[in-house]
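A short worksheet on the structure shown next.
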Amino acid sequence: MAADYKGDYQELVDEISELLGAPATLENRDFELLAFGTYDSDDELDASALDPVRTRSILTRRSTAGVRTWFEGFGITRATGPVRIPPSPEAGVYRGRICLPVRHRGVVVGYVWLLENEPGPTDAQLDAAMRVAGRIGALLADEAEAGAGLSRELRAVLTAEGGWQRDMAVAELRTALGPRADGPHTLICVAPWPSPDPDDAPSTRSVPHAAALCTIPWGAAAQSLAVLVRLRSTAVGAPALAAAGRVLEEAEGAWGALGIRGGTEAATTEGSPAPSGCGTGTRSGSGTGARGGSGKGAGGASGKGTRGAVPRGAGAAVAAAVAAGVAGASRYTGGPGTAGFGGPAAGIGDPRVGLAELGAVWQEARAAAQAALAERRLGPVAQWRGIGPYRLLTALPPESAQDPAAGPLLAPAHRELARTAEVYLDCAGQAGRTASELGIHRQTLYYRLNRVEQLTGLDLDDGEDRLLLHMALKRARL
DNA sequence: TGCGAGCGGATTCCAGAGTC
DNA sequence: GACTCTGGAATCCGCTCGCA
C-alpha cells in the first residue's frame with residue numbers, strides 16, 4: 001500500500017519550522033521542492049519569508065541551476081551537519097540561510113533550508129532539527145524504495161509475454177497500487193530514452209500524475225521510458241499531456257547532457273519540408289489520363305539528397321543507440337520527421353479503466369511514439385487516436401518495412417524521388433499542390449514521377465499501385 | 001434533365017540551360 | 001555527353017453555369 005509521503009514531509013517540515021522559529025523548505029537532492037513550512041510569527045506578514053530564492057522555489061517547485069551551483073559550492077553534498085551560507089546578491093541569493101543536509105545511511109537524499117534570522121538558532125535547536133531531518137531522510141529513502149518496487153511491477157506487466165504471465169504481473173501491480181489501481185489510467189512511451197539505468201529515470205514525484213515508471217528496451221539497442229499515469233476520467237487527457245511534457249523535458253535534458261541536440265531545432269536545420277505537407281488536404285484530383293512522355297531513360301540518380309543522420313559529438317554507445325532507435329527511420333527522406341536525431345518523442349495510449357488492458361495501452365503508446373518520431377508534425381507528443389494511418393502501419397510486422405515494390409526508391413541515391421512520390425501521394429495526386437509543396441516546377445514534378453514509375457515498375461495512375469507505394473514509403477519511415 | 005460554352009487544372013511535347 | 005531542371009505552348013479533361 002502506498003504511503004501518503006507528501007503529508008508526512010509537510011508535518012516534519014512544520015516540526016522543524018516550529019523548533020527553530022523560522023519557515024523551512026524541504027527539497028530533494030535534485031533541488032525539487034517537496035514541502036515548505038508555514039511558521040506563524042507574531043507579525044501579520046513576516047517579511048523574512050519573502051526571500052526571492054525561497055519564493056521562486058515555492059512557485060516553480062525547484063531552484064535554478066545558478067542557485068544550485070552556489071549552494072553546492074559550500075559543500076552541502078558532503079556535509080553531515082548544518083551549513084551556514086552567506087548572502088550573495090550576484091548569485092541571486094539576497095539572504096543568508098542554513099542548510100540541514102538530509103541523509104540516510106550516509107547518503108544525501110535532500111536538504112532542509114532555513115532563512116537566517118537574528119538571533120540565529122542555538123546549537124541545541126539545530127541538533128533537534130537535524131534529528132527531524134534524519135527522520136525525513138528515512139522517509140525519502142522509503143519512498144524511493146517503494147517507487148523502485150512499482151517500476152519492477154510495471155516493467156513486468158509491459159514485458160510479459162501475455163496470458164497467465166501478464167495476468168500475474170497485472171495482479172501484482174494492482175496490489176502495489178492499492179485502490180487507485182481501479183481508476184482510469186493510460187501509459188506514456190518516451191523514446192529514445194538515454195539510459196537503461198533505473199536510477200537515471202525521473203522520480204514519480206517529479207512527473208505530474210505519474211503512478212509508476214520504468215525503462216523498456218526500444219529496438220535492438222535503445223531504451224524507452226514507460227510512465228503509468230493516473231487520470232480523473234478516460235475523457236480527460238490533460239494529465240497525460242502534462243506528464244508527457246514533463247518527461248520529454250527530462251529526456252531532452254539528458255540527451256543534451258550527452259552532447260546530442262534535442263527538440264525541434266535539430267529537425268529543422270537539415271533537409272527539406274515535411275513530405276506529408278498535403279496530408280490533410282482536399283480529396284482526389286482529376287485522375288485523368290496516363291502520364292508518359294518525355295522521360296529520358298533510367299540512368300543514374302542525382303545523389304543530391306540530404307546528408308546523414310548520425311549525431312555529431314556523441315559517444316559511440318549513444319550513437320549506436322540512436323542509430324538503432326531513431327535514425328533508422330530516416331531511410332530516404334530528408335524531412336523534419338527523420339532528418340537526423342530530432343530529439344525524443346512521446347506517445348500516449350488510449351485511456352482505460354483499471355489495469356487489465358495495460359498491454360494494449362502500451363502497444364498504442366509505443367506506436368504513437370514511433371509515429372511521432374517518424375512524422376514530426378505529429379509530435380513531439382502524439383496520442384494514439386491522433387496518428388491516423390500510422391495506427392495501421394505501426395501494426396505491420398518489421399519485415400514489411402522493405403517492400404520490393406518500393407525497394408529501389410528507398411536507396412539513398414533516390415531520397416529526393418521518394419520524397420517527391422510521397423508528397424505527391426499525400427497531396428492526393430494533385431500536381432499543382434505537390435509542385436508548390438516541394439518548391440519545384442510542375443514539369444520537374446512530372447519528370448520525377450516518370451522516374452519513380454521507371455524505378456518501381458508501378459503505375460501511379462493505378463489506385464492499388466498508388467496505395468502500395470504510399471504504404472511502403474510511410475512504413476519505411478518507421 | 002440534357003446540352004453546349006467557358007474556364008481552369010492537368011498533361012504532353014519540345015527546346016534549351018545548368019551541372020557533373 | 002548524360003542527366004536534371006525549367007519554361008513555353010498546345011492539348012486534354014472535368015467541372016460549373018446558363019439555357020432550352
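Quick note on labels: first sequence line is chain A, next is B, and so on, each numbered from 1. Below, each value reflects all heavy atoms present in this structure, side chains not excepted, and no hydrogens, waters or symmetry copies.
- With hydrogens and angles ignored, the 3.5 Å screen pairs no side-chain donor or acceptor of R155(A) with any backbone N or O of C214(A).
- In this entry the distance linking CG of L445(A) with C1' of dG9(B) reads 13 Å, nearest Å.
- Residue Y446(A) places at least one side-chain N or O closer than 4.0 Å to OP1 or OP2 of dT11(B).
- For the residue pair Y390(A) and Q370(A), no side-chain donor N or O sits within less than 3.5 Å of a side-chain acceptor on the partner.
- Separating the CG atom of N450(A) from the P atom of dC13(B) is a distance of 10 Å, rounded to the nearest angstrom.
- What separates CD of E453(A) from C1' of dT11(B) is a distance of 13 Å, to the nearest Å.
- For R451(A), taking side-chain heavy atoms from C-beta onward, the closest of the listed nucleotides dT4(C), dT11(B), dT6(C) is dT4(C).
- Panel note: side chain R391(A), backbone R385(A); a donor-acceptor pair is recorded below 3.5 Å.
- When rounded to the nearest whole Å, the span between OH of Y447(A) and P of dG8(C) equals 21 Å.
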